[in-house]
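As the structure is a computational prediction, the values presented were derived from the model and not from experiment. The residues of the chain are indexed from 1 along the displayed sequence.
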Amino acid sequence: MRFGNGPSAIDGAPAKRRLLLSPKLAFLVVSLALGQLGDGLNIFQGIYLVGKGWNEGSVGIALSLMGLTSLVIQPFAGDWVDKTPVDRRVFLSVASLATALSASTILLVRDGNRDHGLIYATKIGEG
């Protein structure tokens, strides 16, 4: 049964399914999740590092490196991703893997105010 000029509820159902399975929507959801993961983990990583014996200044530098790197690199990386013929799902997969690996490197930090280079490098990589 139709009312007006629009499609019926039955005709609109496949369009809704296509929207839910859309690669653009999946990319948006995963990008948002990665962004929240990176920002959300920073707080806990900072607390963990202070508990391991790092001073607050070193933790602040480590956490700031990610934001600064992201601010500088993001326009160039976005332009490159937009212009490359490589499928965006490849970039999404690589970013997901890199984020998981860099977040896991915090488990390699030893007690005391050491291993700054490792954390600084991973934060730059996350950015």
Side-chain angles (χ1 to χ4, degrees):
M1 175 184 279
R2 276 187 186 223
F3 296 102
N5 294 333
S8 70
I10 296 171
D11 294 336
K16 285 183 181 180
R17 275 193 220 121
R18 279 194 303 264
L19 177 64
L20 290 176
L21 299 176
S22 163
K24 289 181 182 180
L25 181 63
F27 186 73
L28 174 72
V29 169
V30 173
S31 295
L32 179 67
L34 283 175
Q36 293 301 320
L37 176 69
D39 291 342
L41 281 180
N42 277 338
I43 296 167
F44 296 110
Q45 287 178 343
I47 294 169
Y48 179 79
L49 290 172
V50 168
K52 285 292 223 177
W54 281 41
N55 61 27
E56 291 81 6
S58 298
V59 172
I61 290 171
L63 300 182
S64 297
L65 281 172
M66 182 176 148
L68 179 63
T69 306
S70 179
L71 182 68
V72 172
I73 298 297
Q74 189 173 11
F76 301 109
D79 184 53
W80 180 58
V81 168
D82 288 341
K83 291 180 180 177
T84 187
V86 177
D87 188 17
R88 290 183 180 181
R89 289 176 286 197
V90 172
F91 289 111
L92 189 60
S93 300
V94 169
S96 299
L97 184 62
T99 301
L101 289 175
S102 65
S104 299
T105 57
I106 198 161
L107 300 173
L108 302 175
V109 174
R110 297 171 291 186
D111 287 335
N113 198 13
R114 304 182 289 189
D115 300 323
H116 292 100
L118 173 67
I119 296 299
Y120 291 167
T122 59
K123 289 299 171 187
I124 289 172
E126 283 182 45

List the atom of [X], the atom of [Y], and the distance in Å for their closest heavy-atom pair.
| X | Y | result |
| --- | --- | --- |
| A62 | W54 | CB-CZ3, 4.4 Å |
| G46 | V59 | CA-CG1, 3.6 Å |
| V81 | T84 | O-CG2, 3.3 Å |

So E56 and L49, do their side chains get closer than 4.5 Å, heavy atoms only? no

In this structure, would W80 and V86 fall into the same cluster of hydrophobic residues linked by side-chain contacts under 4.5 Å? yes

Got a sec, which pairs hit side chain to side chain donor-acceptor pair (under 3.5 Å) with one end in residues 58-71, sequence neighbours left out? N55-S58, S58-H116

Residues clustering with L108 (ILVMFWY side chains joined when closer than 4.5 Å, directly or via others): L118

When rounded to the nearest 0.5 angstrom, what distance separates CG in L65 from CD1 in I119? 11.0 Å

Nearest-0.5 Å distance that lies between atom CG in L63 and atom OH in Y120: 9.5 Å

